[in-house]
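One structure below.
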Amino acid sequence: MKRFLFLLGKRLKKVEYWLTAKLIIAVLTLLRMLPPERALNLADRIARRLGPLVGRHRLALDNLRHAYPEKSAEEIEAIALDMWGNMARLAVEYVFLDKLFDFDPEAETPGRVEVNGIDVFVKLREEAGKPHIFFTGHLGNFEFLPIAAAKFGLAATSLFRPPNNTYVADYILKTRQSAMGGLVPSQAGAALQLARVLDEGGNIGVLVDQKFQKGVRTRFFGRECLTNPLLPKLARQYDCDVYPARCIRLPGGRYRLVVEDKVSLPRDKDGVIDIAASAQLLNDTVERWVREDPGQWMWFHKRWAM
């Protein structure tokens, strides 16, 4: 009987995922028929209304209260609503990547997307054959970063965590692969795939602001959390430069991509990269970004769950 109930539960969950994916894809297909600005604004408005109705909204508010104890309830709620609008825009932007990303290094007039740190991209292009690591967080449309790198002839393989819904994950993967470089799902064997890219003198990109159950103990917004040590370990193994990069949403449906100068990862007395201290540096960098515009980060994530 237990076996039957277990199999039935798995089958029902699979059906639920399938129906959910069909609904999401249908909505995105309909939105694709609209001009990008109208579709994004519509998704933003709807998300601000529906977001507070889901359970994750309570988690977001709790995380925000811990991160900003000095802010009022109204200020906390406003940040959470901005977050839902940002996440809705990110979801819809998947179907408009080909229309939204208009940055051209050779263009004389600015487009929708601007890039700060062009000199860094040019420098890395001149270092062809030397491995590099980029890291970012779930801020703005972080998907634009590998597309921008490709504009400068820098192929980047990105590590990403696919959604639990396998049907949605497959849809997103196909959409992303059509517009950017290699993608490595965050699962068993991912570290080896990324190491292979670096071993061949390639570039990788890593999102560093999610909980990792077997991570090292660090702090983020003053609270203890677990952080993935993969990036520091790869940087130590290949002794390669590490660059912070992020996307900032601007008024009027515009975007700014910022590639900062390389960071100096902390080292121990023997000159070897310190894994725990480096993981903390990554957290500190992302926290600095989030504090500049908290509404562009995903506060509903269980970042601090131990």
Side-chain angles (χ1 to χ4, degrees), residues 20-21 23-54 56-57 59-61 63-64 76-103 110-116 136-148 158 160-163 165 168-169 171-180 205 207 209-210 245-258 286 289-301 303:
T20 300
L23 176 61
I24 292 174
I25 294 171
V27 170
L28 292 177
T29 301
L30 289 173
L31 289 172
R32 173 76 178 182
M33 298 178 183
L34 298 174
E37 290 77 11
R38 286 187 58 191
L40 291 168
N41 290 336
L42 176 61
D44 189 306
R45 291 196 299 272
I46 293 174
R48 288 171 184 270
R49 289 180 177 272
L50 298 183
L53 303 180
V54 302
R56 288 277 179 164
H57 187 69
L59 175 60
L61 294 178
N63 285 335
L64 280 162
I76 294 296
E77 184 70 26
I79 294 173
L81 293 181
D82 285 345
M83 173 202 70
W84 288 118
N86 175 69
M87 297 310 299
R89 286 177 176 274
L90 176 63
V92 176
E93 283 162 351
Y94 277 115
V95 300
F96 290 111
L97 284 177
D98 58 328
K99 296 182 178 180
L100 292 175
F101 192 89
D102 61 356
F103 175 76
R112 182 183 285 107
V113 180
E114 61 183 66
V115 177
N116 287 6
T136 190
H138 290 81
L139 292 147
N141 191 323
F142 48 89
E143 306 287 8
F144 283 167
L145 294 167
I147 303 177
S158 303
F160 78 104
R161 182 186 182 280
N165 187 319
V168 174
Y171 173 78
I172 291 177
L173 183 60
K174 290 176 182 177
T175 304
R176 296 172 79 172
Q177 284 180 326
S178 65
M180 59 189 69
L207 286 156
D209 56 346
Q210 288 186 297
R246 59 169 164 157
C247 175
I248 304 169
R249 290 191 187 280
L250 302 175
R254 301 183 66 251
Y255 311 82
R256 177 182 297 131
L257 307 183
V258 181
V286 175
W289 294 340
V290 175
R291 286 189 179 279
E292 290 182 14
D293 199 333
Q296 296 194 27
W297 193 65
M298 52 172 204
W299 291 97
F300 57 75
H301 176 55
R303 183 67 182 94

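Hydrogens, waters and symmetry mates play no part in the numbers below; they use all other heavy atoms, side chains included. As the structure is a prediction and not an experimental result, all values here were calculated from the model.
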Query - Trace of the side chain to side chain contact (heavy atoms under 4.5 Å, CB included) decision for W84 with R49 - result: CA-CA 9 Å; W84 288 118; R49 289 180 177 272; over 6 Å; no

**Report entry** Qualifying residues under side chain to side chain contact (heavy atoms under 4.5 Å, CB included), relative to I46, sequence neighbours excluded
**Finding:** L42, L50

Requested in this report: Answer whether the closest heavy-atom distance between the side chains of F144 and L97 falls below 4.5 Å.
Outcome: yes

Query raised in the report: Okay, side chain of N63, backbone of W299: is any donor-acceptor separation there less than 3.5 Å?
Result: yes

Report task. Measure from the side-chain N and O atoms of T136 to the backbone N and O of A245, and report whether any donor-acceptor pair falls under 3.5 Å. Result -> yes

Query - Expected output: side-chain R291 to main-chain V286 donor-acceptor under 3.5 Å - result: no

Query - Rounded distance [0.5 Å steps], CG in L64 versus CD1 in I76 - result: 5.0 Å

Requested in this report: Hey, could you give me the CG/SG distance between L139 and C247, rounded to the nearest 0.5 Å?
Outcome: 8.5 Å

Requested in this report: Taking salt bridge (Lys or Arg N to Asp or Glu O under 4.0 Å) as the test, write out the residues that go with R48, two or more places apart.
Outcome: D44, D82

Query raised in the report: Heavy-atom distance under 4.5 Å between the side chains of Y255 and L100, does that happen here?
Result: yes

**Report entry** Candidate pair W289 and Q296, rule side chain to side chain contact (heavy atoms under 4.5 Å, CB included), full reasoning
**Finding:** CA-CA 9 Å; W289 294 340; Q296 296 194 27; over 6 Å; no

**Report entry** Minimum-distance pair of heavy atoms, taken over all atoms of V92 and A39
**Finding:** CG1-CB, 4.2 Å

Report task. List in chain and number order the residues that pass salt bridge (Lys or Arg N to Asp or Glu O under 4.0 Å) with R256, two or more places apart in sequence or in another chain; answer none if no residue qualifies. Result -> E114

Query raised in the report: Does N116 use its side chain to pair, donor to acceptor, with the backbone of L257 at less than 3.5 Å?
Result: no

Query raised in the report: Is there a side chain to side chain contact (heavy atoms under 4.5 Å, CB included) between N41 and R89 once you walk through the steps?
Result: CA-CA 8 Å; N41 290 336; R89 286 177 176 274; 2.7 Å; yes

Report task. Begin with the C-alpha distance, continue with both residues' side-chain angles, and end with the deciding distance and a verdict on side chain to side chain contact (heavy atoms under 4.5 Å, CB included) for W297 and I79. Result -> CA-CA 9 Å; W297 193 65; I79 294 173; over 6 Å; no

**Report entry** R112 with E37: basic N within carboxylate O range, under 4.0 Å
**Finding:** yes

Query raised in the report: Does the D209 side chain pair with the main chain of H138, one donor and one acceptor, at a distance under 3.5 Å?
Result: yes

Query raised in the report: Can you name the salt bridge (Lys or Arg N to Asp or Glu O under 4.0 Å) partners of R56, sequence neighbours left out?
Result: none

Query raised in the report: Is the shortest heavy-atom distance from the side chain of L53 to the side chain of H57 under 4.5 Å?
Result: no

**Report entry** Non-hydrogen atoms of L61 and A80 that approach each other most closely
**Finding:** CD2-CB, 3.8 Å

Query raised in the report: Would the number of heavy atoms belonging to other residues, nucleotides or ligands and lying under 6.0 Å from CZ of R38 be above 12?
Result: no

Query raised in the report: Just how far is it from atom CG of L250 to atom CD1 of I248, taken to the nearest 0.5 Å?
Result: 7.0 Å

Query raised in the report: Does the side chain of F300 reach to within under 4.5 Å of the side chain of M83, using non-hydrogen atoms?
Result: yes

Query raised in the report: Of all residues at least two apart in sequence or in a different chain, which pass the ring pair (Phe, Tyr, Trp, His ring centres under 6.0 Å) check with F96?
Result: none

Query raised in the report: Would you call P52 and E77 a side-chain contact if the rule is heavy atoms closer than 4.5 Å?
Result: yes

Report summary line: Sorted by chain and number, sequence neighbours left out, salt bridge (Lys or Arg N to Asp or Glu O under 4.0 Å) with R249 holds for E93

